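Right, I'll just put the structure down here and ask away after.
In this text, all values refer to a predicted model and were calculated from it rather than measured experimentally. Just so we're on the same page: letters track the sequence lines, and every chain starts at 1.
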Amino acid sequence: MNYDFREIEAKWQKYWAENETFKASNDSEKPKFYALSMFPYPSGAGLHVGHPLGYIATDIYSRYKRHKGFNVLHPMGYDSFGLPAEQYAIQTGQHPAITTENNINRYREQLDQLGFSFDWSREVCTSNPQYYKWTQWIFIQLFNSWYNKKSDKAENISSLISIFEKEGNTDVEATCDDDTPSFDAAAWNRFSEKEKQEILLKYRLTYLADTEVNWCPALGTVLANDEIVNGVSERGGHPVVRKKMTQWSMRITAYAQRLLDGLDKIDWPQPLKDSQTNWIGRSVGASVTFNVLDAERSRSDQDVISDDDVTSSAVEKPYEIEVFTTRPDTIFGVSFMTLAPEHELVDKITTPEQKAEVDAYVEATAKRSERDRMADVKTISGVFTGAYAEHPFTKEPIPIWIGDYVLASYGTGAVMAVPCGDQRDYDFAKHYNIDIPNIFEGVDISEEAFADKESTIIANSDFLNGLSYKDAMKKIIAELEKIGHGEGKVNYRLRDAVFSRQRYWGEPFPVYYVDGMPQMIDLEHLPLQLPEVEKYLPTETGEPPLGNATEWAWNAETNEVVSNDLIDHKTVFPLELNTMPGWAGSSQYFNRYMDPRNDDAIFSPEAINYWQDVDLYIGGSEHATGHLLYSRFWQKFMFDMGYVPKDEFAQKLINQGMITGTSAFVQRVTYFFTELGNPVEIEQPIRKPFLISRNHFIEVLRGIATGDRSKEEQIKSWIYDILDDDVKSKLDLKQWQIIVPIHTIHADVSLVNASDELDVQAFKKLNPEYLDAIFIGENGEVIEDDNDIYVVSREIEKMSKSKYNVVNPDAICEEYGADSLRLYEMFLGPLEQSKPWNTAGITGVHSFLKKLWKLYSPFIDSDAERSRSVTEAEPTAENLKTLHKTIKKVEEDIENFSFNTSVSTFMICVNELTAQKCTSKAILEPLAILVSPYAPHIAEELWSRLGHSESIAEAPFPKFEEKYLVESSKEYPISFNGKMRFKMELPLDMGKDEIEAAVMAHEKTKEQLQGRSPKKVIVVPGKIVNIVG
RNA sequence: GCCUUGGUGGCGGAAUUGGUAGACGCGCUGGAUUCAAAAUCCAGUGUCUUCGGACGUGUGGGUUCGAUUCCCACCCAAGGUACCA
């Protein structure tokens, strides 16, 4: 009987579902094991072969743990709020809930096909109101909390209020807004209710604040950095500017230190910890305030305020610039200051003479993305504001500049520039001819800055002269504190997380506004469900999409959502229009799986106390600073509130590598005409897209490198050839130039064959904008039928729908089966590394499964009754050696997450047992269990053919026994100067000297030495012999 | 730019503590079987070679009896870089 994987796989998938084989109990005598895969976003494209990689790994581990006697929780769900569904809704008008449901159904079908041991009864879906009720609940908990630095944990806001009532806030140590005023108890008690709310908002763990966003006026929306290409929106190419907007924020900075410290307790990959450490970015230094010199200030204020105000402002405190520096010891080397162009003082201190230049620079900077500004270290730009600050010690005036290398979002958005000690400051000073005072003893700074802290001796620095870095740091901080110009400070790069999105498809905030102040809706009225809207776009007045809803007001008496028309600001109030970001729903889902159908609580105390935390979490490293940091933050908060017993949610984490795809590109030449370098409009522009095959593209690239323009000339002549005659008549090629920039455009890989040849007709069909495109083939002919071939260029990239390089698992499953796909995905290479996908190799693992099946044929072919007697045969020593070698290796591999090598081991095992003609049940039975985590369907089938009526799922894992592997001799590699030359079989119990004697006596040794006497002979018993000489 | 990961045959990769480089699989070549094809099976397959052997793990150095493995410098590729998920 042949290996009929279709029948076998369908049979066992049905069996598992009907028998709820993998349903986990919240109450068990067995030890618990919680294995979790990161849940997917259900995109319209369905699963591609990259998705299951991590799921298969988690599934193998889960199944292994069941064989090892654990009660395993292995759930799956969907992170189903997100941008693509909303984008699709905008384009088609289809409600995202509907597309999302369709996508989820498709995902479920695909997941079911792969034979995962998920407990589907625990499925969650972040866009389901029964689920997001609890996301809203956590938001309210955060709103009702503040961070007490004294107890170093979050506490209920009521404890803060009672402190305010008794003693005001002067003695409170809390993480709060920078502009929080001081007040005493009497003042607090005099505040109006609204004033009290405003103050409390400065302490709450989620709060409203003005934050900078990438605003695209044309689209009426905020864009991710990702959606901005070269300063314009990816969609439509509209301009994008940085702008401030009132939004919800999460006070994650309160947890900065604990998030850092917690990393030591968890078994996560070091690179991931590094990236969180860098993200949090702890640096120790000092904050220093510089006063802006008065003269400059009043001058710049003159044009905006009346004379009266000038006199009154003269007695006020001068403007202060606060900077954070890690090198306060270099303060005597300050020769200028640089503010971020967005810094709030820029407007106020700029002199009238400099105003035009500064304004232009600020405007230009607003168009650049932060990433752009960080990455670009080559171009130095900045503008002098005309204002000066006063050095706190020397009282010298220091010019204040603005420059886009200073980011508003980091530190205070201002730096004290010490050009002799910082390369960026140095370059800036050189570029603008600013002084570079040297404050380091015996260091040459004529070429570059000197940033080495360890070997520094400070000079030209008044009271710091002669001190080392360490001593100078202590001294300067003390002096700064003495004169009231600064203090020692620990600064974190981590910023509070913006929690508002101007989108439709996300969790609504359970918030309404009374007199402009946010009010929370009570738990008993949750979930607050997303309203229906006509359009998913921002409103004409620039409000988020929820602004389109007509039923989106809160009646605070009846506690229900009512029509906007009823808003009277007495009982009916407007609801929040923003929604929560993608990471809201995923920040506690791992805990919700423990008790997913609970309507009274996010989870029961029994459930959380049984499961505690995730034992193994597998997912992509791209989530390092998003999901994985925010989840740790929420977990710590939940821990502070006493809801969860562990302050880290996942003990061990593994990053599976990406599966990369081989993208295909066509080269589009865009062309326009210029005369002496100026673009010229011609009456009948040629609108047809023009695409060239690969070798032409390569020649153009080579031409750019070598200065050879001949290929471009050829392209020009091709373009000229296809012009209409009347256009031709207007062009004199000698006078007119055709400029030919080339854009590479993704082509769907399914349209390209193994020789990289594009199916041009299919491409045109799939991309209607290229219907009348002109394709120039490899031989330089315009492709009409099959007169020439068009070759694409290829590149390895992340597998992604947007890159048109996805490979779908469905067809593979259909042709080879889920077990083959599972084995093949593991066989590709180490789990944690990224690797390219190539379906061709799957035949190898598929034929392995066929060989495995054949090995069990005495149990499968029912007519082979005579072979029954054979199967009871005692296993040979050889059989046992092969089996136990395999048990040892496979067990080690699973524990080390080295699944690729296990697959090889199985292949070797089956090859050996086949060669040994092994038919012994004592060997084949444990082998089926070994294989079962990897290829569960065939293992179940073989198990039942071996005569078992129960599922293999909980069969005990075979026990490795060393005794079957004991060897008496070893084939020693004999090497000369480190190179292996021949081998020699010697007993393992032979001593060092005997081995040396035996080797030296060997005739091949003499041959190798050719009469020389060896300088040295190294003998490592059981390993190797190396002869030097 | 910065942070992280990786670089070994035509391809995916293996080499567990510094000890036989290329396991296992794909592909390719030759053969068996077949009317033929598919499937299956057998043999070979890093490069060069004067057939003795020599060289060989991105490049250049270093440590060592011995380096894919450890150290230094560099090159290349991929991922992340705060609103893609």
Side-chain angles (χ1 to χ4, degrees), chain A residues 2 38 40-41 43 79 81-84 87 213-214 221-228 234 247 269-272 274-275 277-279 370-378 405 409 424 493-495 497-503 581-583 586 620-627 629 655 657-658 660 795-798 800 802 824 827-830 832-838 840-845 847-848 850 889 892-893 896 898 900-901 903-908 911 971-983 1007 1014-1018 1020 1022-1029:
Chain A
N2 283 332
M38 284 184 191
Y41 173 77
S43 82
D79 188 13
F81 274 132
L83 265 185
Q87 210 48 53
V213 294
N214 299 312
T221 188
V222 174
L223 298 178
N225 281 338
D226 198 58
E227 298 172 287
I228 305 167
E234 195 178 25
Q247 304 192 87
Q270 195 54 43
L272 196 152
D274 290 348
S275 95
T277 304
N278 293 335
W279 193 260
E370 237 176 65
R371 196 183 299 175
D372 214 33
R373 284 163 60 177
M374 278 190 285
D376 186 3
V377 291
K378 292 198 187 93
Y405 75 100
S409 53
R424 281 172 317 176
R493 200 178 72 103
L494 182 73
R495 321 200 277 253
V498 179
F499 200 67
S500 295
R501 296 292 183 268
Q502 295 68 45
R503 312 281 186 197
W583 55 271
S586 58
S621 61
E622 65 274 23
H623 299 282
T625 50
H627 162 60
L629 194 63
N655 289 131
M658 251 180 332
T660 51
E795 214 171 283
I796 304 277
E797 288 184 300
K798 178 176 175 174
S800 156
S802 63
Y824 187 55
F827 189 57
L828 277 180
E832 304 189 41
Q833 277 171 29
S834 73
K835 48 214 163 259
W837 180 264
N838 175 14
I842 199 170
T843 53
V845 293
S847 58
F848 156 73
K850 284 198 264 191
K889 176 81 176 130
E892 278 170 9
D893 283 347
N896 293 322
S898 173
N900 54 326
T901 48
V903 181
S904 306
T905 305
F906 288 135
M907 289 174 172
I908 293 166
N911 288 346
E971 196 174 33
Y972 277 91
I974 313 301
S975 51
F976 292 79
N977 298 320
K979 293 259 173 209
M980 202 276 287
R981 292 304 177 213
F982 66 93
K983 290 176 189 171
E1007 208 174 285
K1015 290 196 189 95
K1016 206 171 180 184
V1017 178
I1018 289 154
V1020 185
K1023 285 253 157 120
I1024 200 169
V1025 177
N1026 189 20
I1027 297 162
V1028 186

Is there a donor-acceptor pair under 3.5 Å between the side chain of Asn838(A) and the backbone N or O of Ala840(A)?
yes
Please give, in whole Å, the distance from G13(B) C1' to Phe906(A) CZ?
18 Å
Donor-acceptor check, side chain of Lys835(A) to backbone of Thr660(A), threshold 3.5 angstrom: yes or no?
no
Check whether any side-chain N or O of Asn1026(A) sits under 3.5 Å from a backbone N or O of Gly978(A) as a donor-acceptor pair, and report yes or no.
yes
Hey, mind stepping through Val845(A) and Val903(A) against side chain to side chain contact (heavy atoms under 4.5 Å, CB included) and telling me if it holds?
CA-CA 8 Å; Val845(A) 293; Val903(A) 181; 4.2 Å; yes
From OH of Tyr41(A) over to C1' of C83(B), roughly how many Å is that when rounded to an integer?
14 Å
Now, which nucleotide makes the Watson-Crick or G-U wobble pair with A37(B), with each of the two distances under 3.5 Å?
none
For G30(B), does the glycosidic angle fall within 90° of 0 (syn) or outside that (anti)?
anti
Selection from G27(B), A82(B), A85(B) that lies nearest to any side-chain heavy atom of Leu83(A)
A85(B)
Nearest to the side chain of Met980(A), heavy atoms from C-beta on, is which of U5(B), A21(B), A82(B)?
A21(B)
May I ask which nucleotide in the shown strands pairs with A78(B), Watson-Crick or G-U wobble, both distances under 3.5 Å?
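The answer is U4(B), by the H-bond criterion.
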Base, sugar-phosphate, or nothing: which does Gly82(A) touch, judged by heavy atoms less than 4.0 Å apart?
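Since only primed, P, OP1 and OP2 atoms lie under 4.0 Å of Gly82(A), the category is sugar-phosphate.
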Look at the side chain of Ser904(A) and decide which nucleotide, out of A23(B), U16(B), A14(B), has an atom nearest to it.
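Output: A23(B).
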Rounding to an integer number of angstrom, what distance separates A32(B) and U8(B) when you compare their P atoms?
38 Å
What nucleic acid atoms does Leu494(A) come within less than 4.0 Å of, heavy atoms only: base, sugar-phosphate, or nothing?
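Counting heavy atoms under 4.0 Å across all strands, the contact made by Leu494(A) includes a base.
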Name the residue closer to the 5' end of RNA chain B, choosing between Pro830(A) and Met907(A) according to the nucleotide with the nearest heavy atom.
Pro830(A)
d(CG, Asn838(A); C1', G10(B)) in whole Å:
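My rounded result for the distance is 12 Å.
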Using the C1' atom as the reference point in each nucleotide, state the distance between C48(B) and G9(B) in Å, no decimals.
14 Å
Check the chi torsion on G62(B) and let me know: syn if it falls within 90° of 0, anti if not.
anti
Is the phosphate of A54(B) approached by Arg981(A) (side-chain N or O, under 4.0 Å from OP1 or OP2)?
yes
Phosphate-side-chain proximity, Asn911(A) and G25(B), N/O vs OP1/OP2 below 4.0 Å
yes
Between Lys983(A) and U20(B), does any side-chain N or O lie under 4.0 Å from OP1 or OP2?
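Lys983(A) to U20(B) OP1/OP2: no side-chain N or O under 4.0 Å.
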CZ of Arg493(A) versus P of G80(B): gap in Å, rounded?
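Answer to the nearest Å: 16 Å.
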If I take atom CZ in residue Phe982(A) and atom P in nucleotide U20(B), what distance separates them, rounded to the nearest angstrom?
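Interatomic distance, CZ of Phe982(A) to P of U20(B): 16 Å.
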So, Tyr972(A) side chain and Lys1023(A) main chain: donor-acceptor pair closer than 3.5 Å or not?
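Not confirmed, Tyr972(A) side chain does not pair with Lys1023(A) backbone.
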Length of the line joining Trp837(A):CH2 and A78(B):P, which is rounded to integer Å
22 Å
Taking atom P in both G7(B) and G58(B), what distance in whole Å separates the two?
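Their P atoms lie roughly 8 Å apart.
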Heavy atoms only, 4.0 Å cut-off, all strands: where does Val1028(A) land among base, sugar-phosphate and nothing?
sugar-phosphate
What nucleotide among C83(B), U5(B), G12(B) has an atom nearest to a side-chain atom of Phe827(A)?
G12(B)
Are Tyr824(A) and Trp837(A) an aromatic pair, judged by ring center distance below 6.0 Å?
yes
Regarding Glu832(A), tell me which of base, sugar-phosphate or nothing describes its non-hydrogen contacts under 4.0 Å with the strands shown.
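Glu832(A): no heavy atom of the nucleic acid under 4.0 Å.
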Taking only side-chain N and O atoms of Asn900(A), does any of them lie within less than 4.0 angstrom of OP1 or OP2 on A14(B)?
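Answer is yes, contact under 4.0 Å.
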The side chain of Thr625(A) lies closest to which of these nucleotides: A85(B), C83(B), G80(B)?
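Taking heavy atoms from C-beta onward, the closest nucleotide is G80(B).
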What does Gln270(A) touch in the nucleic acid at a heavy-atom separation under 4.0 angstrom: a base, only the sugar-phosphate, or nothing?
nothing
Atom pair distance, as rounded to whole Å: CH2 in Trp279(A) and C1' in U4(B):
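Going from Trp279(A) (CH2) to U4(B) (C1'), I get 14 Å.
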Looking only at atom types and distance, does a side-chain atom of Arg493(A) sit under 3.5 Å from a main-chain N or O of Asn278(A), one as donor and one as acceptor?
yes
Would you indicate which nucleotide in C83(B), A85(B), G19(B) comes nearest to any side-chain atom of Ile1024(A)?
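That would be G19(B).
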Heavy-atom donor-acceptor pair, Gln87(A) side-chain to C84(B) base, under 3.5 Å:
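Counting by modelled atom types and ignoring angles, no donor-acceptor contact under 3.5 Å is found here.
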Could you tell me whether Ser500(A) contacts a base, only the sugar-phosphate backbone, or nothing, with contacts defined as non-hydrogen atoms closer than 4.0 Å?
base
Counting only N and O atoms by type, is there a donor-acceptor contact under 3.5 Å from the side chain of Asn214(A) to the main-chain atoms of Leu223(A)?
yes
Figure out the OH/C1' separation between Tyr972(A) and G66(B), and round it to whole Å.
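Value for this atom pair: 17 Å.
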Residue whose closest nucleotide on RNA chain B lies nearer the 5' end, Lys889(A) versus Tyr824(A)
Lys889(A)
Closest listed nucleotide, where the reference is the side chain of Gln833(A) and the choices are G6(B), G19(B), C83(B):
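The answer is G6(B), which lies nearest to the side chain.
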Does G60(B) have a Watson-Crick or wobble mate here (both distances under 3.5 Å), and if so which one?
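Matched G60(B) with C72(B) under the 3.5 Å cut-off.
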Assign Leu828(A) to base, sugar-phosphate, or nothing according to its heavy-atom contacts below 4.0 angstrom with the strands shown.
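Contact class for Leu828(A): sugar-phosphate only.
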If you look at every strand shown and take non-hydrogen atoms under 4.0 Å, does Thr901(A) touch a base, only sugar-phosphate, or nothing?
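The answer is sugar-phosphate, as Thr901(A) gets under 4.0 Å only of primed atoms, P, OP1 or OP2.
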Applying the Watson-Crick and G-U wobble criteria at under 3.5 Å, what pairs with U16(B)? Answer none if nothing qualifies.
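Base partner found: none.
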So which nucleotide from A82(B), A14(B), G19(B) ends up closest to the side chain of Val1020(A)?
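The nucleotide sitting nearest to the side chain is G19(B).
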Verdict with reasoning, Asp274(A) to Gln270(A), per side chain to side chain donor-acceptor pair (under 3.5 Å)
CA-CA 6 Å; Asp274(A) 290 348; Gln270(A) 195 54 43; 3.0 Å; yes
State the pairing partner of A23(B); accept Watson-Crick or G-U wobble contacts with both distances under 3.5 Å, and report none otherwise.
none
For nucleotides U29(B) and U34(B), find the distance between their P atoms and express it as a whole number of Å.
23 Å
Partner nucleotide of C83(B) by Watson-Crick or wobble geometry (both distances under 3.5 Å):
none
For Gln502(A) and Val222(A), which heavy atoms make the closest approach, and how far apart are they?
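Shortest heavy-atom contact: OE1-CG2, 3.1 Å.
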Distance between the P atoms of U49(B) and A54(B), in whole angstroms?
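Straight-line distance between the two P atoms is 16 Å.
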Can you check whether Lys850(A) has a side-chain N or O nearer than 4.0 Å to OP1 or OP2 of U40(B)?
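Yes, within the criterion.
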Which nucleotide wins on minimum distance to the side chain of Lys835(A), given the candidates G13(B), C83(B), A23(B)?
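Of all the options, the side chain of Lys835(A) is nearest to G13(B).
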Considering every strand and a 4.0 Å limit on heavy-atom distances, what is the contact class for Val213(A): base, sugar-phosphate, or nothing?
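The answer is base, as Val213(A) lies within the cut-off (heavy atoms under 4.0 Å) of a base atom.
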Hunt down the Watson-Crick or G-U wobble partner of C28(B), both distances under 3.5 Å, from any strand shown, or write none.
G44(B)
